[in-house]
Amino acid sequence: MRLQQDLLEQDQLAQDQLDRASREGGAMRRAACPGSYDPPTRGHLDIIARTARQFDQVQVLVGNNRSKTGLFTPPERVELLAEACADLPGVEVQLFDGLLVDYCREHSIDCVVKGIRVAADFDYEMQMAQMNHRMTGIETVFMPAAAQWAYVSSSLVRDIARFGGEFDQFVTPEIAARTRQKLTKD
Ligand code: PNS
């Protein structure tokens, strides 16, 4: 019932955005924010919120890779993100399989947005951006991480959490609680 309600609300939101785009005489601009998000951090949420201010619609895409070092399963990450992004207009969260460029083409996504924290991110992301561009012509936009989150990563949060350290400031209260719950269950 709740899911159906959510879907109806999402449809309405999508329609509102189409109406806005056509009133303004421009095509709707859709961006993807792909990532592993294991778990989503405040740095990720900052990039998603800032992307939502620049585009009509944002799809937050969780890669469906089944890495053994992962903490949350990809569907659990989608759940965490959907809750954390619930108040952001035009943002929806999806799981994706296969190549990012194929997903973007199939869903008429014009642009990939990636957050960049440090030089190492740039090297890694640049190669993917160029490869993706070469494959389908899709553009990637690099968004500088907010200075206050520039040193935060999911892998550091996972490590701190696993060894009982304090990580609450780097994630939402809900994600912190789910992380603790997950670690005590496993
Ligand atoms: O959190 P990450 O490591 O930045 O996420 C990486 C992700 C999932 C965005 C990336 O690995 C990806 O796009 N995977 C899908 C497969 C793909 O398209 N690979 C070719 C990249 S050139």
Side-chain angles (χ1 to χ4, degrees), residues 29-52 54-55 57-85 88 90-162 167 170-172 174-176 178-179 182-183:
R29 290 154 65 245
R30 273 201 195 99
C33 288
S36 305
Y37 300 109
D38 186 31
T41 66
R42 288 207 183 270
H44 290 134
L45 298 175
D46 176 70
I47 295 287
I48 295 166
R50 285 161 61 204
T51 303
Q54 302 297 328
F55 290 84
Q57 197 182 70
V58 178
Q59 295 215 7
V60 180
L61 301 177
V62 178
N64 198 10
N65 62 333
R66 298 182 187 281
S67 143
K68 287 208 177 84
T69 56
L71 177 62
F72 290 100
T73 65
E76 286 170 338
R77 299 174 207 173
V78 170
E79 235 177 77
L80 296 175
L81 278 163
E83 197 181 334
C85 297
L88 293 176
V91 174
E92 58 177 67
V93 187
Q94 306 285 349
L95 203 59
F96 84 104
D97 268 312
L99 289 178
L100 176 66
V101 288
D102 288 339
Y103 184 96
C104 290
R105 193 162 36 195
E106 282 156 23
H107 294 83
S108 307
I109 290 170
D110 319 291
C111 185
V112 173
V113 176
K114 293 305 266 313
I116 301 289
R117 293 163 301 183
V118 291
D121 279 353
F122 179 80
D123 290 346
Y124 171 65
E125 295 296 346
M126 186 69 170
Q127 194 183 6
M128 279 204 290
Q130 287 172 328
M131 182 60 86
N132 285 336
H133 187 262
R134 177 73 192 184
M135 285 193 285
T136 61
I138 193 159
E139 295 292 358
T140 297
V141 169
F142 292 153
M143 187 173 280
Q148 75 187 116
W149 306 124
Y151 59 95
V152 178
S153 71
S154 296
S155 62
L156 289 181
V157 168
R158 281 199 307 272
D159 250 20
I160 297 167
R162 277 191 174 121
F167 62 96
F170 308 125
V171 295
T172 64
E174 295 74 25
I175 294 173
R178 287 283 301 273
T179 301
K182 185 87 181 164
L183 287 167

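All values below come from the heavy atoms of this structure, side chains included, with hydrogens, waters and symmetry mates left out. For ligands, and for the atoms within them, numbers begin at 1 and follow the listed sequence. Numbers here are sequence positions counted from 1.
- Short contacts between ligand 1 and Pro34, defined as distances under 4.0 Å to a heavy atom of the residue, involve ligand atoms 9 (C).
- From the protein, the heavy atom lying nearest to atom 18 (O) of ligand 1 is Leu100 N, 2.9 Å.
- Using a 4.0 Å cut-off between heavy atoms, Asn132 contacts ligand 1 through its side chain alone, with no backbone atom that close.
- In this structure, Asn65 and Pro74 approach most closely via the heavy-atom pair O-CG, 3.7 Å.
- Ligand 1 places these atoms under 4.0 Å from at least one heavy atom of Gly35: 1 (O), 5 (O), 9 (C).
- Here the shortest heavy-atom pairing between Arg158 and Pro39 reads CG-CD, 3.9 Å.
- The residue Tyr37 has no part lying near ligand 1, judged by heavy-atom distances below 4.0 Å.
- Within a 4.0 Å radius of atom 9 (C) of ligand 1, the protein contributes one or more non-hydrogen atoms.
- Counting heavy atoms from C-beta outward, Thr179 and Phe72 have side chains that approach closer than 4.5 Å.
- Between Leu81 and Ile48, the closest side-chain pair of non-hydrogen atoms falls below 4.5 Å.
- In this structure, the protein non-hydrogen atom closest to atom 1 (O) of ligand 1 is Ser36 N, 2.9 Å.
- Neither the backbone nor the side chain of Gln127 has any atom closer than 4.0 Å to an atom of ligand 1 (non-hydrogen atoms only).
- Scanning all protein heavy atoms for the shortest distance to atom 20 (C) of ligand 1 gives Leu99 CD2, 4.0 Å.
- In this structure, CD1 in Ile109 is found 5.5 Å from CG in Leu61, a value given to the nearest 0.5 Å.
- Looking at Asp46 and Arg50, a side-chain N of the basic residue comes within less than 4.0 Å of a carboxylate O on the acidic one, giving a salt bridge.
- Under a 4.0 Å heavy-atom criterion, Tyr124 is in contact with ligand 1.
- Residue Lys182 holds its NZ atom at 13.5 Å from CD1 of Ile175, rounded to the nearest 0.5 Å.
- Atom CE of Met131 is surrounded by 12 or fewer heavy atoms from other residues, nucleotides or ligands within 6.0 Å.
- Numbered from 1 in the order shown, with element, the atoms of ligand 1 that lie under 4.0 Å from a heavy atom of Met131 read 22 (S).
- Of all the atoms in ligand 1, the ones that sit under 4.0 Å from a non-hydrogen atom of Lys114 are 4 (O), 9 (C).
- At least one heavy atom of Gly98 sits closer than 4.0 Å to an atom of ligand 1.
- Not one N or O on the side chain of Asp110 forms a donor-acceptor pair closer than 3.5 Å with the backbone of Arg29.
- Distances below 4.0 Å separate heavy atoms of Phe96 from the following atoms of ligand 1: 15 (C).
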